[in-house]
Amino acid sequence: MNADFTKEELAFQHEVRNFLESEFPADIRDKVDRNIRLSKEDIVRWQKILNRQGWMAPNWPEEYGGTGWTPTQKYIFNQEMGRIGAPEPVAFGVKMVAPVILAYGSEAQKQRFLPDILESNVWWCQGYSEPNAGSDLASLKTTAVRDGDHYVVNGTKTWNTLGQYADWIFCLVRTDNTAKKQEGISFLLIDMASPGIKVNPIVLMDGSPEVNEVVFDNVRVPIENLIGEENKGWTYAKVLLTHERTNIARVPYTKRRVNELKSAAASRADGSGGSLADDPSFASKVAELEIDLLALEYAELRTLAAVTVGKAPGPESSILKIVGTEVAQKADELFLEVADYDALPFVPEQFEAGFTGAALGDGYLASTALDYFNHRKVSIYGGSNEIQKNIICKAVLGL
Amino acid sequence: MNADFTKEELAFQHEVRNFLESEFPADIRDKVDRNIRLSKEDIVRWQKILNRQGWMAPNWPEEYGGTGWTPTQKYIFNQEMGRIGAPEPVAFGVKMVAPVILAYGSEAQKQRFLPDILESNVWWCQGYSEPNAGSDLASLKTTAVRDGDHYVVNGTKTWNTLGQYADWIFCLVRTDNTAKKQEGISFLLIDMASPGIKVNPIVLMDGSPEVNEVVFDNVRVPIENLIGEENKGWTYAKVLLTHERTNIARVPYTKRRVNELKSAAASRADGSGGSLADDPSFASKVAELEIDLLALEYAELRTLAAVTVGKAPGPESSILKIVGTEVAQKADELFLEVADYDALPFVPEQFEAGFTGAALGDGYLASTALDYFNHRKVSIYGGSNEIQKNIICKAVLGL
Amino acid sequence: MDFSFTEEQQMLQDSVQKFVRDNYDFETRRELLASDRGYSSENWNLFAELGWLTVPFREEDGGFGGSAVDLMVMMEELGRAMVLEPFVPTAVIAGGLISELGTDDQKRELLPRIMGGELQLACAISEPGSRFNLANVATRAEAQGEKVILSGSKVAVLNGSHADQLLVVARSAGSQLERNGISVYLVDAGAPGVKRHGYTNVDGHGAAAIDFDAVEVSSAACLGAPGEAYAALEKVVDRATVAVASEAVGALDSLLQKTVEYSKTRNQFGVPIGTFQALQHRMADMFIECQLARSIVMMAAMKLDSSAGDDEKAKAVSAAKSRLGRAIFKVGQEAIQLHGGIGITDELDVAHLFKRVTAIETLFGNTDYHTRRFASL
Amino acid sequence: MDFSFTEEQQMLQDSVQKFVRDNYDFETRRELLASDRGYSSENWNLFAELGWLTVPFREEDGGFGGSAVDLMVMMEELGRAMVLEPFVPTAVIAGGLISELGTDDQKRELLPRIMGGELQLACAISEPGSRFNLANVATRAEAQGEKVILSGSKVAVLNGSHADQLLVVARSAGSQLERNGISVYLVDAGAPGVKRHGYTNVDGHGAAAIDFDAVEVSSAACLGAPGEAYAALEKVVDRATVAVASEAVGALDSLLQKTVEYSKTRNQFGVPIGTFQALQHRMADMFIECQLARSIVMMAAMKLDSSAGDDEKAKAVSAAKSRLGRAIFKVGQEAIQLHGGIGITDELDVAHLFKRVTAIETLFGNTDYHTRRFASL
């Protein structure tokens, strides 16, 4: 056991840091620092820069454009990205649909879809959840009925994140109504430009234009867009869910949040002549949060190490989801405490580029209540924390 | 609504306080202050003093020796008892078996048993739990089989508190094996001197000689010792469990603990030249505890008020059990923090009267780990906190 | 000691319950939120007609009686339905300050107009960096003959954008953190030098940041004697704290009730999620939190109405707000979590209740502030 | 970065696992607890034979290698079985101080005897009122020519009642809270003026309160140079902290495992209690706590062995002990609660595990102490 980076790892860290410092666009970095929402164009521009460097898809096999990095290198890369605030590539393409295509798609599908993901030419979104299939995802009802060389898709998908930008959607659809609920599901890729698709925005309580409902009304999908075998979609989705847990704990992101929290507290008056950072009881709460984050980081590193020696990460990684979201939400709570009344104004447009109205309160802090509200989602989505606990009980504790 | 005591209530408070200051024996008070275990003789002596004053059984009807107090008076009495550290009468007689006898016993049983309880001539203990019937109390297996004008009792009762002192035991026994499990249970009073009864001490993890297992081997019990009807015992026990929740939250006791905690912290060095009480983060924890206790106290007062206007206290009083035990256990944790290394020595004999060895550490604090260990029981006994939550779910929330 | 409502309190409760049942369903409230003012002037007039605006005031001032328990009864019902009308800023805070500090003339002039629903008021207390410390006042009130010149910046002024008149907490003497030297001035919202930047809070309630740029008022605009306002300010803010705490108690009850109902109808894995014991016990915990919050807020209201001393009253209020704050985090977060995705959408009342109670956690001092205030008293 | 065990570490783990499996079942341990010493001298000799007593020491001193990770591997297995032998006081703390501070002569004289199992040592650090502050030393070491006179009172001296020799932390210069001026002296446990009051801690481990009443030692009894011991003391106590933290990680794992097993066999309401989802999720929470505690203790051990600076190492240790402390309360309390009544009896190993981890929460600084130390570094 050794906590030190090797000389090679240190050199890699140096390389990543140099690249990010020089290539992460200053205007995007400024938006991140000021908590301005990034546009689709910002995101795509940054992803194309990453791709030029060959770092768009560290999780892919090298032959398709992956990096061939060791788990420690991936860890270093994520740390450095988080340190500077550079956003990870949007997950739906590179981390969610691509691994399914890589594992179960035909060679033709790989050639057709993967390069556009790598080059950020096509924006993907996810069509898993439905209004009546939340934690019980397998109870989904969207149907795909074979009609000649097409499937005809009908149904409604929900909690579709950033679907307003999407060119394609990957869906779990029911192709067999007679089988057990997990066994009649197929994995289908659908062009969002197909006739019969309607995207309805869902307004969240923080006012963010982030998720949508996607309605399919007799949408015709060519059968060559089916991944793998019909009725095997659940298996594909599930295997990938278990294996693709890279950075699920989001340690680098929360580390950055905690650093911002500490610097906000340091410059924040306590109302009685001092600074909030000097308040021992607040300092203890921040210390506990940092300590939790450290424990989480090493729990993740242990999981990565297990992967290195060939073990599957296994259901223990449910811990990373649970604790990762709890720690992030705790940071939001402490931000509320720092911000006091500055947390309360609801002026979402001040986080959009080009807002010219008067800033309210301490600029950065003015989003704290909205962040707190928005981030309630993280313990709900991606398999709610309750579902993760069920997994631990069943698969780890044998209960 | 009015938080002020009336003139009459203030006069009553004065009366109680004067009585306790003059009549609570100094030697017993000293033992309480020094955390020395009280002997059976101490307890009986004090109860007889209370009884001389007519205050032994505030929960009984006046005709049998009750006080006729209002709920506010009972509250005041409990507060004052707790303030000075005077122990409440042992519950098994006056608060547990007596209400059952009062409600369901024959006049002959009342005349035979109640006076001895009032006068502390007979020590009662409880025979409810069994090794395989804990939270699922109704699954008890101790049998009572009719044989002429006797029942023959066989089985094992456990978690029998202070049974080593007891003259009589009240038991739930199974009189019908064919009925549904709640419906074959009877309520039986048994003389502990009966042949065939064996009391085996159970050593708890704090070393305290507090609980026992009571084994019944063909114990013959006269049928006149049956309370009410055969096979109705579960109903009797359950109705009383719901109604007899006086002081279940043990607010006066925990208030006293918190005061002791604060004074211990005030005289405790923080290791760096100050006192622990001045430590802001410790002070915040104590404040939270005091605030919880205040919330609990008013939750209890609201329940008492509901009783006054004729409502049954109802399952909401499960809150009092849950929060009362959690708050008391939290106080134990904070004591551990105050005591640091002085919490650790295991010298239980130093809490027995007449101990002459050298005291270890700060006298009072030397019991803190033992208290912490011992008090884990409070969230387990009397219907575990999990069972209380089940009651809330079912009876209050309709789940 | 007595825990029963008076007949008047019972009637008041019935009256508010009827109003919200008839006038304040979620859709109606959404329309109000989307309106310019963010609340309904018709409702405000109705409040006046129903006599609710007299509740915070003493009988000798023409009020209903003005007990904290009266306020509690009313606010709890308003809280259940998330009523938006600015009752606390106008009637409890501004009205309370006038009632506590005002001369007889000032009371005669202003209180009937408040009770009649003719006057919207806001009180400018907080400043950038003052946090919850009421003595932290940098806004200056400089006497110039018969005039007083007000200069400074105020933030988080509740109802600040719609108020007709403003009560401005300013320092006529002393240094920034001192309790002495604090005064309250009545200022016309449209007076020269008053710059209002109105906005809506996350809970839908209106507020404003207001700059006072050498605003000239008559020295008679001071409520009572200059420099003596601190004690009354603390008292009135404590009363407002109990008012919003009571509102939160009602809102938390709604959150619990809606969560329990949802759990009985939402099916997952073939059964209602309310049959899952892990979720059941969490709802039991929510119930416990609601009951403890209710109990301690009731305690604070009763103490304010009792013969207890000032410090004991302040301590009771801080105990309540501190304990309530923990309940707000716990019950609010669990209500959202148990609702799942639907709980974080703007479509559902649960999200709005959550936002309101979260805002209340901050209002007039957050959990941590009140825990320390409790410990220090 | 590397998370795998070396072959030696793997062998060490196997060796300890075999020992506790063969020699340390719960009944055997109960007999040891009831014995005069409270542990087995035969076991101690076996530790020496197996080479375990060399684990904390550097290779150049004849040791196994002395990495913190080595210690962690060993302590975790000892923790699972609640091994009572005083490995930490003798080998980690006293041995560590000799190793860090001792002259070559002192090391040559003492270390082989420790590793050979011939010497029991105890280190007298804490004093009444010193709490966890290692610099808070009132015990005086007064030089008188070639002699040094030690006077003062020590408490909570682990292994203090059975040690052959004592290491006494005393002040040869400076004021009570100063880091400079602290020395460590080797004192014969039977020396005139040494008054030992031995007792057993709640976890079954022996300890003593020891008074030093003008105890005379040679000035050569000082480990290394007088007045310079603080840094080494802090370093050694940090290492001992990681050792007992690792022991607790093993014990917490045992608590979880035993609770899960019990829940599968204990029937209530006709089914095993492990089928109740509310209890299942609480066991999942216990599992999470165990994993976080294990991860952060591993982090601390790895940091101690790394090239990190002193403050970073100290900070890592405090992070681990702080986080572990929370896990101890949570996992320990839940293990007892889920066992119900049987869990609080002395009959069950669960109660003994609970007592040991509770004691470890206090040892070398409790949760709160280490949270602040983390924040201050």
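Here is the naming used below: chain letters follow the sequence lines, and residue numbers restart at 1 for every chain.
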Whether over 12 other heavy atoms sit under 6.0 Å from C/Glu59 CD: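 It does not: C/Glu59 CD has 12 such atoms or fewer within range.
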Taking every non-hydrogen atom, the tightest pair across B/Ala295 and C/Ser295: O-CB, 3.5 Å
Under 4.5 Å from a heavy atom of chain B, the part of C/Ser263 involved: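 Answer is side chain: those atoms of C/Ser263 sit under 4.5 Å from chain B.
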Heavy atoms of other groups near B/Lys330 NZ, more than 12 under 6.0 Å: no
Max heavy-atom pair count under 4.5 Å with chain C, selected residue of B/Val286, B/Thr70, B/Leu399, B/Val323: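 Looking at each option in turn, the highest pair count goes to B/Leu399.
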Atom of B/Ile291, atom of C/Ala319 and distance for their closest heavy-atom approach: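 Shortest heavy-atom separation between B/Ile291 and C/Ala319 comes out as CG2-O, 3.4 Å.
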Enclosure of C/Asp310 CG (heavy-atom neighbours >12, cutoff 6.0 Å):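 Counting neighbours around CG of C/Asp310, 12 or fewer heavy atoms of other residues, nucleotides or ligands fall under 6.0 Å, so no.
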Atom group of B/Glu386 that falls short of 4.5 Å from chain C, counting heavy atoms: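 Contact with chain C is through both the backbone and side chain of B/Glu386.
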Interatomic spacing from OH in B/Tyr298 to CZ in C/Arg294 - rounded to 0.5 Å: 16.0 Å
Where C/Gln9 and B/Met1 come nearest, the two heavy atoms and their spacing: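 Heavy atoms only, the tightest pair is OE1-N, 4.3 Å.
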Residue pair B/Leu304, C/Phe3: steps toward the side chain to side chain contact (heavy atoms under 4.5 Å, CB included) verdict: CA-CA 9 Å; B/Leu304 289 179; C/Phe3 280 77; over 6 Å; no
Side chain to side chain contact (heavy atoms under 4.5 Å, CB included) between C/Gln280 and B/Lys394, worked out: CA-CA 9 Å; C/Gln280 288 180 344; B/Lys394 196 170 163 187; over 6 Å; no
Least distance between heavy atoms, C/Leu292 atom then B/Ala299 atom: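 Distance-wise, the nearest heavy atoms are CD2-CB, 4.4 Å.
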Sidechain-backbone polar pair: B/Asp4 side chain, C/Ser307 backbone, donor-acceptor under 3.5 Å: yes
Chain C contact via B/Leu301 - which portion, at a heavy-atom distance below 4.5 Å: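 Its backbone and side chain both get close to chain C.
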Residue among C/Ser318, C/Ala284, C/Pro272, C/Ala316 with most heavy-atom pairs under 4.5 Å to chain B: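 Answer, by heavy-atom pair count under 4.5 Å with chain B: C/Ala284.
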Side-chain (B/Glu288) to main-chain (C/Thr371) donor-acceptor, under 3.5 angstrom: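 Answer holds: no.
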Point-to-point distance, once rounded to the nearest 0.5 Å, from NZ of B/Lys389 to CZ of C/Arg282: 11.0 Å
Nearest-0.5 Å distance that lies between atom OG in B/Ser318 and atom CD1 in C/Ile288: 8.5 Å
Gap separating the NZ atom of C/Lys315 from the CG atom of B/Leu294, nearest 0.5 angstrom: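 It comes to 9.5 Å.
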Heavy-atom neighbours of C/Lys235 NZ exceed 12 at 6.0 Å: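 Result for NZ/C/Lys235: open.
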Option that, when pairs with chain B are counted at under 4.5 Å, heavy atom only, ranks first among C/Arg323, C/Gln257, C/Arg326: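 Ranked by contacts with chain B, first place is C/Arg326.
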Contact winner vs chain B - C/Ser67, C/Ser376, C/Ser306, C/Ala375, heavy-atom pairs under 4.5 Å: C/Ser306
Chi angles and distances behind the side chain to side chain contact (heavy atoms under 4.5 Å, CB included) call for C/Met1, B/Ile76: CA-CA 11 Å; C/Met1 227 175 200; B/Ile76 290 170; over 6 Å; no
Which portion of C/Glu261 sits near chain B, non-hydrogen atoms under 4.5 angstrom: neither
Spacing of C/Asp285 atom CG and B/Ile322 atom CD1 [to the nearest 0.5 Å]: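 Rounded to the nearest 0.5 Å, the CG-CD1 separation comes out at 7.5 Å.
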Between CG on residue B/Leu397 and CG on residue C/Leu256, distance to nearest 0.5 Å: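 It comes to 6.0 Å.
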